[in-house]
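Take a look at the structure below.
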2 protein chains.
Amino acid sequence: MVTEREFLDGYDPRAYPAVAVTVDIVTLTIRDGVLNVLLVERGEQPHAGRLALPGGFVREETLDQAARRELAEETGILPRVHLEQLATFGDPGRDPRMRVMSIAYLAFAPHLPEPTVGGDAAAARWVPVDTASGLAFDHDAILAAGLERARAKIEYTPLATAFVDDEFTIAQLRGVYTAVWGEEPHAGNFHRKVLSVPGFVADTGATTQRGGERGGPRSKLYRAGDARILHPALLRPSLER
Amino acid sequence: MVTEREFLDGYDPRAYPAVAVTVDIVTLTIRDGVLNVLLVERGEQPHAGRLALPGGFVREETLDQAARRELAEETGILPRVHLEQLATFGDPGRDPRMRVMSIAYLAFAPHLPEPTVGGDAAAARWVPVDTASGLAFDHDAILAAGLERARAKIEYTPLATAFVDDEFTIAQLRGVYTAVWGEEPHAGNFHRKVLSVPGFVADTGATTQRGGERGGPRSKLYRAGDARILHPALLRPSLER
DNA sequence: CGAATAGTGTCTCTGAGACAGTATTTT
DNA sequence: AAAATACTGTCTCAGAGACACTATTCG
């Protein structure tokens, strides 16, 4: 990594152009069957009034801690959120003021109430991903990277369970795939498949209190299983193969 | 990302603790059937004398450009190397001198001569990944991340072709999978599979000049095809399913 | 010649997807 | 009753893996 000539003990960091390091978070959830992303409205220039991903400076903490802290500040506490590093965006000029390295994180959240504006954010709100464009800075690209990661990740990991409540039905889980992929898997085959993948879901023995709103039997309730990867994977129908 | 209160127009970056930003590169190649990684020997403290991943400071350039530039400086020019961002390592204390954000890159290189020590590196050399441990800083973890990425990536992309010459035989391609995965796919099934995946390889019409060293027919020569993803994928035999 | 290897044939088993059918619950 | 939905049965086809076989070329 750091080479000898450039980074001697006597090296003075202040002799180099300053670089700011931030984390920006693509937080996804599903509301009314639609994939939503958490955005904040910028109050200051540049890009005042535009929507942006929540984020902030990295302090004396790990990057993961920084992401978790920022997310908690924006939305109130988030106990069971899945967080993972996505990619780092640091091209010159992405922020007009100075060089900013943004370490993007991806978060999968279950359905939550409206975000509590506890932190810095002037106004944080959920926005359907279809209508989230024209974001500040290069956040359109960061969001796109997060969406693609999420779509790929629920294929071979049980992370779709991070979008639903602790106990859920197979139909609710299917709703996650429908919302994230933008297309509905075949209900019957999906059902059998989910139950056949070892460790994906665990039966609770309970069922829902009533059937669907427009009829239908009560469904069994499941919990997330202990598998960390899905074998075999659930592959997206499209993505021309 | 950057919030209003913390990053006003009058914000003074020098008021914050300085952060250095580097790129570190996991460069993989195959030498004599063994997966090797490019390492440099550190001349200065900390970790003087230990091996480390090559890398250096990010200048006024994109992160991809920084990685490509550093790699060229360490190894002489690299025309057809595949480079991709891996992850960012920036926990406090990973460098004892100051906060250093390292944006790790992964490079797939065809077999190359010994690296030309054109750049900063005191001594750069290829090291079999099996024997590459005890690296400086947190480079063991970065290397591990690179290896796992490489192993997964050749499953569903044609990037294994980045490890071989422009024209190659199926057996050479199989050697790539053997070296990267650490286990040999079944020769006959591998052969048929590679030819059956659309766009993985393209027939050149030519064959090798002679058969194997210990006998066997001449093999056909192929070039990389135009596929960017492999359908269906080549899955690792192990990785208990 | 004997050994090694390229490339192909074939069989079995798993799993994906299409489709249909049954049971249960709603309005 | 009619509609909706949970869940299951069954068929077909693609593909993975095991194994065997032929053809070619080396020492």
Side-chain angles (χ1 to χ4, degrees), chain A residues 33 155-156 164 167-178 181 183-201 203-222 227 229-241, chain B residues 33 154-156 164 167-178 181 183-198 200-201 203-222 227 229-241:
Chain A
E155 285 189 309
Y156 60 95
V164 290
E167 298 196 343
F168 53 87
T169 67
I170 302 295
Q172 285 167 345
L173 192 61
R174 177 160 44 88
V176 172
Y177 283 88
T178 304
W181 283 344
E183 57 189 327
E184 180 156 24
H186 183 285
N189 291 337
F190 180 86
H191 195 108
R192 177 160 5 112
K193 170 85 189 214
V194 166
L195 296 184
S196 74
V197 174
F200 192 1
V201 297
D203 201 330
T204 64
T207 66
T208 52
Q209 283 306 304
R210 43 157 298 153
E213 294 189 4
R214 289 171 298 180
R218 299 173 184 176
S219 24
K220 291 184 186 172
L221 285 169
Y222 296 87
I229 49 172
L230 302 184
H231 272 304
L234 284 87
L235 300 179
R236 281 174 271 190
S238 69
L239 198 58
E240 84 300 332
R241 313 204 174 256
Chain B
I154 63 172
E155 286 189 308
Y156 59 95
V164 291
E167 296 196 345
F168 54 87
T169 68
I170 301 295
Q172 286 167 344
L173 192 61
R174 175 160 45 89
V176 172
Y177 282 89
T178 304
W181 283 345
E183 57 190 326
E184 179 154 25
H186 183 285
N189 292 337
F190 180 87
H191 195 108
R192 186 190 8 240
K193 169 87 190 210
V194 167
L195 296 184
S196 75
V197 174
F200 192 1
V201 297
D203 200 329
T204 64
T207 67
T208 52
Q209 285 304 303
R210 44 156 297 153
E213 295 189 3
R214 289 172 296 180
R218 299 173 183 177
S219 26
K220 291 184 186 174
L221 286 168
Y222 296 87
I229 49 172
L230 302 184
H231 272 306
L234 285 87
L235 299 180
R236 280 174 270 190
S238 71
L239 197 60
E240 83 299 330
R241 315 202 173 256

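Values in this document were obtained by computation on a predicted structure and should not be read as measured data. The sequence lines fix the lettering, A, B, ..., with proteins before strands; numbering per chain opens at 1.
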Between A/Ala233 and B/Tyr222, who's closer to the 5' end of DNA chain C by nearest nucleotide? B/Tyr222
Rounded to whole angstrom units, what separation is found between the [atom1] atom of [X] and the [atom2] atom of [N]?
X        : N      : atom1 : atom2 : answer
B/Leu221 : C/dA6  : CG    : C1'   : 12 Å
A/Gln209 : C/dT25 : CD    : P     : 12 Å
A/Tyr177 : C/dG17 : OH    : P     : 13 Å
B/Arg218 : D/dC26 : CZ    : P     : 6 Å
B/Lys220 : D/dT25 : NZ    : C1'   : 16 Å
A/Leu173 : D/dA6  : CG    : C1'   : 15 Å
A/Leu235 : C/dG17 : CG    : C1'   : 12 Å
A/Glu213 : C/dT24 : CD    : P     : 22 Å

For a quick test of reading the model: is some side-chain N or O of [X] closer than 4.0 Å to OP1 or OP2 of [N]?
X        : N      : value
B/Arg174 : C/dA6  : yes
A/Arg210 : C/dT24 : no
B/His191 : C/dG7  : yes

Does A/Ala187 reach a base, just sugar-phosphate, or nothing at all? Heavy atoms under 4.0 Å. nothing
Just to be sure I understand the rule, does B/Gly216 reach a base, reach only the sugar-phosphate, or reach nothing, if contact means heavy atoms closer than 4.0 Å?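 Since a base atom lies under 4.0 Å of B/Gly216, the category is base.
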Please pick, from [options], the nucleotide with the shortest atom-to-atom distance to any side-chain atom of [X].
X        : options               : answer
A/Arg192 : D/dA23, C/dT8, C/dG17 : C/dG17
B/Asn189 : D/dA6, C/dG7, C/dG9   : C/dG9
A/Pro217 : C/dG7, C/dA23, D/dC7  : C/dA23

Classify the ring geometry of A/Tyr222 against A/Phe168: parallel below 30°, tilted from 30° to 60°, perpendicular beyond 60°.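 Taking A/Phe168 first and then A/Tyr222, their aromatic rings sit tilted (interplane angle of 30° to 60°).
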Does B/His186 or A/Ile170 map to a spot on DNA chain D nearer the 5' end, using the closest nucleotide for each? A/Ile170
Residue met sooner reading DNA chain D from 5', once A/Arg214 and B/Gly215 are mapped to nucleotides: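 Between the two, 5'-proximity favours A/Arg214.
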Flag side-chain contact, heavy atom, 4.5 Å: A/Tyr177 against A/Val194: no
With a 4.5 Å cut-off on side-chain heavy atoms, are B/Pro198 and B/His231 touching?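 Heavy-atom side-chain distance check fails, nothing below 4.5 Å.
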Working to the nearest 0.5 angstrom, can you tell me the gap between B/Arg236 CZ and B/Glu155 CD? 4.5 Å
Taking every non-hydrogen atom, the tightest pair across B/Leu221 and B/Glu167: CD1-OE1, 3.6 Å
